[in-house]
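Accompanying notes for the structure given below.
Bear in mind the structure is a predicted one, so any value in this text is a computation, not a measurement.
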Amino acid sequence: MPHINYNHLYYFWHVCKSGSVVGAAEALYLTPQTITGQIKSLEERLGGKLFKRQGRGLVPSELGQLVYRYADKMFTLSQEMLDIVNYRKESSLLFDVGVADALSKRLVSRVLEAAVPDNAQIHLRCFESTHEMLLEQLSLHKLDMILSDCPVDSTQQEGLFSVKLGESPISFFCCQPMAGMSFPACLEQRPLLIPGRRSMLGRKLLNWFNTQGLNVNILGEFDDAALMKAFGMNNNAIFVAPAIYSSTEFQDEKIEEVGRLEGIMEEYYVIFAERMIQHPSVQRICHTDFTALFV
């Protein structure tokens, strides 16, 4: 039997991904008639219909679904191969990084410095979103790496790996002194701002309030750490930030540390797909010692 024509298979794959012949034709810069003819040839080779009508659109038939699963693996792997080969050929490497919005941006920026040394031609692009949304983008090969506050379970997310970079103690801050009140009881005396409960740190803090029996007034939950700080300063509220900020970030801003938590940390992980293991920026981050950064 003659071998399968992989151009025909590639066109079929694009029609499945776009949901229409017209969409695939636009993506491939071909005419719809060309796409239709190629898919008809593939159907003759496979001995069955690959699509069926559903309303005004096309959906894969039972045979089409089977063929698509194999085609998707094949062309995804081929793209990964090209990515890895191009890492060694391109003079300026494009590096797309997703950053979990709950993480402190000052620490994130220091981590990213390791990815872009002075003598390397790296074009860095950063995107901010939730951990869940970033993982989805990474799985779709729309991101090269993620910095997040929780790891990935490689047994559940096949082909994804995570490495812990470090962790930072957490403190509560405010812009006006709270004389005469001990910690943590003082947290009940003012409005409180915390990271969103979608984040790992937000969930840890809510659990800690319950175990301590604290009746706190949570004024707001913020995914963006910088916005939480600005809102806290303008509304005389207590907010959360890495403890090291008391001697660095907040030293000249008349912000005081209310109290420091024991045993609750903001954790930092780098997450990447298997195809990125040899990327020079991923290699540098995974092999850099960030201990001094999180002290």
Exercise. State, to 0.1 Å, how close Gly23 and Ser18 come at their nearest heavy-atom pair, and which atoms those are.
Key: C-OG, 3.7 Å

Quiz item: When you look at Asn236 and Arg190, which way does the side-chain hydrogen bond (donor to acceptor under 3.5 Å, both in side chains) test go after all the steps?
Solution: CA-CA 8 Å; Asn236 195 26; Arg190 287 190 187 175; 3.2 Å; yes

Quiz item: Among Tyr6, Phe75, Tyr70, which one satisfies ring pair (Phe, Tyr, Trp, His ring centres under 6.0 Å) with Trp13?
Solution: Phe75

Quiz item: Can you name the salt bridge (charged side-chain N to carboxylate O under 4.0 Å, His left out) partners of Arg260, sequence neighbours left out?
Solution: Glu257

Quiz item: Between Val152 and Phe161, which heavy-atom pair has the shortest distance, and what is it?
Solution: CG1-C, 3.9 Å

Quiz item: Taking a hydrophobic cluster as the set of Ile, Leu, Val, Met, Phe, Trp and Tyr residues connected by side-chain heavy atoms closer than 4.5 Å, whether directly or through intermediates, do Met228 and Val99 fall within one such cluster?
Solution: yes

Quiz item: Between Ala100 and Leu134, what is the shortest heavy-atom contact and its length?
Solution: N-CD1, 3.4 Å

Practice problem: Start with the C-alpha gap between Leu193 and Phe222, add the side-chain angles, then the distance that decides, and say whether side-chain contact (heavy atoms from CB on, under 4.5 Å) holds. | Solution: CA-CA 7 Å; Leu193 310 178; Phe222 290 79; 3.8 Å; yes

Exercise. Starting from the C-alpha separation in whole Å, work towards a yes-or-no answer on side-chain contact (heavy atoms from CB on, under 4.5 Å) for Leu28 and Tyr11.
Key: CA-CA 8 Å; Leu28 295 168; Tyr11 299 155; 3.5 Å; yes

Self-check item: Interatomic spacing from CE in Met145 to OG in Ser162 - rounded to 0.5 Å
Solution: 12.5 Å

Quiz item: What pairs meet the side chain to side chain donor-acceptor pair (under 3.5 Å) rule with one or both residues in residues 210-227, with sequence neighbours excluded?
Solution: Arg197-Glu221, Arg198-Asp223

Quiz item: His279 vs Phe95 aromatic rings, parallel, tilted or perpendicular, using cut-offs 30° and 60°?
Solution: parallel

Quiz item: Is there a side-chain contact (heavy atoms from CB on, under 4.5 Å) between Leu42 and Leu9 once you walk through the steps?
Solution: CA-CA 7 Å; Leu42 181 62; Leu9 187 64; 4.3 Å; yes

Quiz prompt | Separation between CG of Asp149 and OG of Ser168, rounded to the nearest 0.5 Å | solution = 12.5 Å

Quiz item: Pick one: which of Leu124, Val270, Asp144 meets side chain to side chain contact (heavy atoms under 4.5 Å, CB included) with Val97?
Solution: Leu124

Self-check item: His131-Ser148 side chain donor-acceptor pair, cut-off 3.5 Å
Solution: yes

Quiz item: Going through the distances and angles, do Leu147 and Ile271 end up as a side-chain contact (heavy atoms from CB on, under 4.5 Å)?
Solution: CA-CA 6 Å; Leu147 290 173; Ile271 304 173; over 6 Å; no

Quiz item: Going from CD on Glu26 to CD1 on Ile35, what distance comes out if it is rounded to the nearest 0.5 angstrom?
Solution: 11.0 Å

Exercise. Flag yes if Phe290 and Leu112 sit in one hydrophobic cluster, no otherwise; membership is Ile, Leu, Val, Met, Phe, Trp, Tyr, and two members link when side-chain heavy atoms are under 4.5 Å apart.
Key: yes

Quiz item: Side chain of Ser104, backbone of Leu107: donor and acceptor closer than 3.5 Å?
Solution: no

Self-check item: Leu261 vs Pro169 side-chain heavy atoms within contact, under 4.5 Å
Solution: no

Quiz item: For Leu30, does its backbone N or O pair with a side-chain atom of Thr34 as donor and acceptor, under 3.5 Å?
Solution: no

Practice problem: Mind jotting down which residue pairs meet the salt bridge (Lys or Arg N to Asp or Glu O under 4.0 Å) criterion with at least one end in residues 125-138? Sequence neighbours excluded, please. | Solution: Asp96-Arg125, Lys105-Glu128

Quiz item: Just how far is it from atom CZ of Phe51 to atom CZ of Phe12, taken to the nearest 0.5 Å?
Solution: 5.0 Å

Practice problem: Using salt bridge (charged side-chain N to carboxylate O under 4.0 Å, His left out) as the criterion, list what pairs up with Lys52, not counting sequence neighbours. | Solution: none

Quiz item: By salt bridge (charged side-chain N to carboxylate O under 4.0 Å, His left out), which residues pair with Glu113, not counting sequence neighbours?
Solution: Arg110

Exercise. May I ask you to test the Leu58-Ser20 pair for a side-chain heavy-atom distance under 4.5 Å?
Key: no

Quiz item: Applying the 4.5 Å side-chain criterion to the ILVMFWY set and letting contacts propagate, would Val116 and Leu103 be lumped into a single cluster?
Solution: yes

Practice problem: Using a 4.5 Å cut-off on heavy atoms from C-beta on, say whether the side chain of Glu267 contacts that of Lys164. | Solution: yes

Self-check item: Any donor-acceptor pair under 3.5 Å from Asp72 side chain to Tyr68 backbone
Solution: no

Quiz item: Considering residues at least two apart in sequence or located in another chain, which fulfil the salt bridge (charged side-chain N to carboxylate O under 4.0 Å, His left out) criterion with Glu188?
Solution: none

Quiz item: Do other residues, nucleotides or ligands put more than 12 heavy atoms under 6.0 Å from the NZ atom of Lys142?
Solution: no

Quiz prompt | Residue pair Phe294, Tyr268: steps toward the ring-ring contact (aromatic ring centres under 6.0 Å, His included) verdict | solution = CA-CA 10 Å; Phe294 296 101; Tyr268 288 73; 5.1 Å; yes

Quiz item: Would a distance-only check, ignoring hydrogens and angles, find a side-chain to backbone donor-acceptor pair under 3.5 Å from Glu43 to Leu50?
Solution: yes

Quiz prompt | Flag, side chain of Asn234 to backbone of Ala230, donor-acceptor distance under 3.5 Å | solution = yes

Practice problem: Answer with yes or no whether the hydrophobic clustering places Leu160 together with Met133; edges join I, L, V, M, F, W, Y residues whose side-chain heavy atoms lie under 4.5 Å apart. | Solution: no

Quiz item: Can you tell me how far CD1 of Ile170 sits from CD1 of Ile194, rounded to the nearest 0.5 angstrom?
Solution: 12.0 Å

Quiz item: Within a strict 4.5 Å, meaning less than it, do heavy atoms of the Val258 and Cys186 side chains meet?
Solution: yes

Quiz item: So how far is it from Ile218 CD1 to Leu187 CG, rounded to the nearest 0.5 Å?
Solution: 10.5 Å

Quiz item: When you measure from the side chain of Thr288 to the backbone N and O of Arg284, does any donor-acceptor pair fall under 3.5 Å?
Solution: yes

Quiz item: If two hydrophobic side chains count as joined below 4.5 Å and joins carry through other members, does Phe173 share a cluster with Met233?
Solution: yes

Quiz item: Is there side-chain contact between Phe231 and Phe239, with at least one heavy-atom pair below 4.5 Å?
Solution: no

Self-check item: Residue pair Pro242 / Glu266: nearest heavy atoms and the distance that separates them
Solution: CG-OE1, 3.6 Å

Quiz item: Which heavy-atom pair separates Asn5 from Asn7 by the least distance, and what is that distance?
Solution: OD1-N, 2.9 Å

